[in-house]
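In this chain, residues are counted from 1 in sequence order.
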Amino acid sequence: MYDGIHRPSFSSPTRRRVIRCALASVLATTILAGCGATDRADDRPGTPRAKGFPVTINNCGTRTTYDKPPARVVTIHQHPAELMLALGLKKAMVGTSFPDSAVLPEHRRDFGRIPELAKKEPSFETVVDADPDFVYGGYGSAFAEKEGRSRKVFAEAGIHTYLNREYCGKGRVAMADAYEEIRTIGRIFGIQGRADELVTRLEERVDKTTEAVEGGRPVPVFVYDSGDKAAFTAGGKSLGTEIIRLAGGRNVFGDLDEVFGDVSWEQVAERKPEVIAIYDYRGSGSVEQKKKFLLSHPALADVPAVKNQRFTVLPLTSTLVGVRPPYAVEDLARRLHPERFR
């Protein structure tokens, strides 16, 4: 495996009995006999533990103790998969799902080799069929109880789970959350040094960009996520707002006390954005459809960004807690202040 630590096979009869029991609890009203103690060899007293373990992580109200690094990982949503790949954990990945946008070029080849379990969130049964010991979810919907994928159900199957910290209900999301997410995954997999090195590289990328745009006039930016009757946009609590600021811009709805919220088209016009950042992701309409809508909206006719057709595109994954936000800062800065990067 990725760290050279020997691990027992996860297709053992014991593990399969645990999984069958969890499936039975979801799909039937009675529990099969034999679903009690698992008697797993690696949990017995005296079993050697991996160096630096056990590690206990508190995540969104769930406390988990890891006696060794996870060996078989399924990611639900794209940004957890890219974070795993950025940490060099491709050998531990046995499945992913719900790709939102084009994968970062440096991870494209490895990402393409991971089995895709579903175009959207996979069913509990589909995840279990991949025989994971760890499931890493990107959006809260990864562990939707009404769809049979609650963290409790996975725990009953002997499978650890982790949810992206952005969905722990803290409110404001910042670049620091992206760095802390990387460090936490590094702890879970026993590669803290590697995680710290990655964070340092990402911090340096951001610092280099902010130095390039320092002293420039902040460009007023309107984020268009979706919506026709009203505009669904990024508010002041979003990571998108911090990305815009670090890139030498100003979110015209940075005073909106939410991560995302609806505003009227008249409000957009009043704030005169000079650039419109279009969030691009599956299921929200194409970028071209969004541009066409904005260009034809009568309330926006005199908005500088529309008059000058100054649009930029940000994949939604670039604004989520993970490895992408520092890249987004650099990409956006080059579009807001092209003269600083010649």
Side-chain angles (χ1 to χ4, degrees), residues 58-61 77 79 100 137-144 163-181 184 206 209-210 213 216-281 283-285 290 293-294 297 299-300 303-306 311-322 324-326 328-329 331-333 335-336:
N58 290 303
N59 168 241
C60 299
H77 304 115
H79 47 302
D100 270 337
Y139 300 109
S141 57
F143 302 116
L163 178 60
N164 187 291
R165 66 194 301 108
E166 185 167 348
Y167 292 87
C168 291
K170 296 192 307 176
R172 185 177 300 277
V173 187
M175 192 69 74
D177 289 303
Y179 300 146
E180 187 57 30
E181 181 86 352
T184 300
V206 172
T209 302
T210 56
V213 300
R217 181 182 71 88
V219 178
V221 178
F222 163 59
V223 172
Y224 179 52
D225 178 288
S226 56
D228 51 6
K229 302 299 182 185
F232 192 55
T233 191
K237 290 185 175 180
S238 71
L239 181 50
T241 291
E242 185 170 5
I243 289 171
I244 292 169
R245 178 182 63 78
L246 292 169
R250 173 179 62 82
N251 182 358
V252 296
F253 287 102
D255 59 344
L256 184 64
D257 193 29
E258 300 178 56
V259 176
F260 280 93
D262 286 317
V263 296
S264 71
W265 293 110
E266 289 71 25
Q267 287 176 298
V268 176
E270 288 169 1
R271 301 197 179 197
K272 297 179 173 57
E274 295 177 15
V275 172
I276 295 179
I278 297 174
Y279 279 6
D280 182 27
Y281 58 99
S284 69
K290 291 182 178 182
F293 171 76
L294 294 168
H297 200 295
L300 305 180
V303 169
V306 172
F311 300 99
T312 188
V313 179
L314 282 176
L316 183 62
T317 48
S318 296
T319 69
L320 302 173
V321 167
R324 282 210 183 208
V329 171
D331 291 345
L332 183 59
R335 297 168 195 170
L336 298 182

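Minimum interatomic distance between Val206 and Pro326 (heavy atoms only, all atoms of both residues): CG2-CB, 3.6 Å. Nearest heavy atoms, Ser284 versus Tyr279: OG-O, 4.4 Å. Closest of all the heavy-atom pairs between Lys290 and Gly285 is CE-O, 3.8 Å. The shortest heavy-atom contact between Ile244 and Asn251 is CG2-N, 3.7 Å. Scanning all heavy atoms of the two residues, the minimum distance from Trp265 to Asp228 falls at NE1-O, 2.6 Å. Taking both residues in full, the closest heavy atoms of Val259 and Gly171 are given as CG2-O, 3.5 Å, listed atom of the first, atom of the second, then distance.
The CG atom of Leu246 lies 10.0 Å from the CG atom of Leu332; values are rounded to the nearest 0.5 Å. Residue Glu266 holds its CD atom at 9.0 Å from CG of Leu300, rounded to the nearest 0.5 Å. Between the CG atom of Asp257 and the NZ atom of Lys237 there is a distance of 4.0 Å, given to the nearest 0.5 Å. Distance check: Thr317 OG1 to Asp280 CG gives 8.5 Å after rounding to the nearest 0.5 Å.
Using a distance-only test at 3.5 Å, with no hydrogens or angles considered, no donor-acceptor pair links the side chain of Glu274 to the main chain of Val219. Judged by distance alone, with hydrogens and angles left aside, the side-chain atoms of Arg245 form no donor-acceptor pair with the main-chain N or O of Pro218 at under 3.5 Å. At least one donor-acceptor pair under 3.5 Å links the side chain of Asn59 to the backbone N or O of Leu163. A donor-acceptor pair under 3.5 Å is formed between the side chain of Asn164 and the backbone N or O of Val321. Judged purely by atom type and a 3.5 angstrom limit, His77 has no side-chain atom pairing as donor or acceptor with the backbone of His79. When atom types are taken as modelled, the side chain of Thr241 and the backbone of Gly235 share a donor-acceptor pair closer than 3.5 angstrom. A donor-acceptor pair under 3.5 Å links the side-chain atoms of Glu181 to the main chain of Arg165, judged by distance alone.
Using a 4.0 Å cut-off between charged nitrogen and carboxylate oxygen, Arg271 and Asp255 count as a salt-bridge pair.
Residues Phe222 and Thr233 have side chains in contact (heavy-atom distance under 4.5 Å, counting atoms from C-beta outward). Taking 4.5 Å as the limit, some side-chain heavy atom of Ser226 sits within range of a side-chain heavy atom of Tyr281. With a 4.5 Å cut-off on side-chain heavy atoms, Phe311 and Leu294 count as touching. Between Met175 and Val329, the closest side-chain pair of non-hydrogen atoms falls below 4.5 Å. Side-chain atoms of Glu242 and Pro325, non-hydrogen and from C-beta on, never get closer than 4.5 Å to each other.
Only one option out of Thr312, Val213, Val221, Asp331 pairs with Leu336 in a side chain to side chain contact (heavy atoms under 4.5 Å, CB included); it is Val221.
Every residue meeting the side chain to side chain contact (heavy atoms under 4.5 Å, CB included) condition with Ala328, not counting sequence neighbours, appears here in chain and number order: Ile243, Leu314, Ser318.
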